[in-house]
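Working notes for the structure below.
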Amino acid sequence: MDHEEEFSTFVRLCAADLQRAAWLLTGDWSSAQDLVQTSLAKTWLRWSSIRRRDAQPAYVRRVMMTTFLAWRRRRWSCEVAVDQVPEPGAIEDLAGEVSQRAAVSEALRRLPKQQRAAVVLRYFADLTEQDTAYAMRCSVGTVKSHTARALANLRANGALQAAMVDGSRR
Amino acid sequence: MNEFETDLATALRSVVPAPPEDIDPMKIVDATRPGRLRTVAAPLGVALAVVCVALAVVIVGQVHQGGKQEAGATGRGFSTPAPTAVGQDGGLTTAQRALAIRIAKASARTSIPAAWNSTSPADGNEDSAWPPNVQEVSAIATTHASAAKYVATSGADPSQVIVIRLVGDFSWDTTGPVNHGPTVGNVATIVVDARSGRTTDAGLEQQQPPKSLPNATVLYQR
């Protein structure tokens, strides 16, 4: 299997999960796809140097987190927390799912970027603290710190708590 | 993982909708393919090369033209700096410049028209020491043969001379018929032997408008 074929297979297997994680990080599909495509393009440029196949997902996650944190640093002044997150596709959706999605998305958007990244990697991507630290280019202790603060912030979010309770009932 | 963390993980996985479209890996591969870069870089490289060649031709042409002008004026080839800007000594050595100033001042002082005699004389300062009838003085180092371009010369030898041109209002007492008055003009040209400092040729003419020596060192400008 040559490099292009191997990369194509990898993208087909991982792209959906990467896009979902990117959506949680960015809050919209346009930015999420932009983030994933940028990360995959950067990964492809170094593809031949990633020798171990099991290292490929970790590498692309690391690139995506680095890219995301850099993006957020540049766009930080543009980011404004709002009370209600716009949800264009919500009209036809079920009310419960929409409200839970909006609550989760809003809660994530209120978190600082490092905490949001830690939560997405730990609880959505189900990474260990070590793998999360590798992806975020920080120490395990820093991951623990970001995660603990993020959980404290999320616990204090009443809308998220209610949405999680409603979700668990459904 | 405690209950809250479990619920959070469940919520995160359940709320994310399906991606609206798949990512085509070949688009990413094609976008970063070196061949694609070459298709962009090659025309840019050719365009850049064309611009560089054009600039080089222009620069070489200007240098060649400047060299030819200088060679014609001085007979010393391209290595001599072009005498152009005001205040620079291009084409004249320091000694030649001093000689040219001394001779030009002496010539100007002896050629002040009668109408200018009432004006104030020099006060000792080098600039103000120029007589009031002088507007501009320029000089160029060249050969005696080449000096014929500027004034009628007595020789066509390759000896080094300094051509000095004064622009202003001049009156020379010259020999001529009975009742012949002084010769007047607004451009005086003096040819001086660069070694001896002796004046070899001189001319006074009326030019409209009066012109300085081309590409010469300007020694004085009012």
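All chains are named by letter (A, B, ...) in the order of the sequence lines, taking the proteins before the strands, and each is independently numbered beginning at 1. In what follows, every heavy atom counts, from backbone to side chain, and hydrogens, waters and symmetry copies are set aside.
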Using only atom types and a distance under 3.5 Å, with no angle test, would you say the side chain of A:S105 pairs donor to acceptor with the backbone of A:R101?
no
Counting distance only, does the side-chain N/O of B:R222 pair as donor-acceptor with the main-chain N or O of B:V134 below 3.5 Å?
yes
Do B:I28 and A:F7 come close enough that some side-chain heavy atom pair is under 4.5 Å?
yes
So, do B:R165 and B:V137 sit near enough that their side-chain heavy atoms are less than 4.5 Å apart?
no
Among [options], who wins on heavy-atom pairs under 4.5 Å with chain B?
options: A:V119, A:L18, A:L151; answer: A:L151
options: A:R155, A:Q33, A:Q37; answer: A:R155
options: A:V36, A:V11, A:L108; answer: A:V11

Which atoms of B:S14 are under 4.5 Å from chain A, going by heavy atoms: the side chain, the backbone, both sets, or neither?
side chain
Derivation of the salt bridge (charged side-chain N to carboxylate O under 4.0 Å, His left out) call for B:K27 and B:D30
CA-CA 5 Å; B:K27 282 185 180 175; B:D30 287 342; over 6 Å; no
Mark yes or no: A:R62 above the aromatic ring of A:Y134, with NZ or CZ under 6.0 Å from the six-membered ring centre and no more than 45 degrees from the axis.
yes
Under 4.5 Å from any heavy atom of chain B - which part of A:L45:
side chain
Please state whether the side chain, the backbone, both or neither of A:R12 comes within less than 4.5 Å of a heavy atom of chain B.
side chain
Would you mind telling me which of B:D22, B:T10, B:T6, B:V16 has the largest number of heavy-atom pairs within less than 4.5 Å of chain A?
B:V16
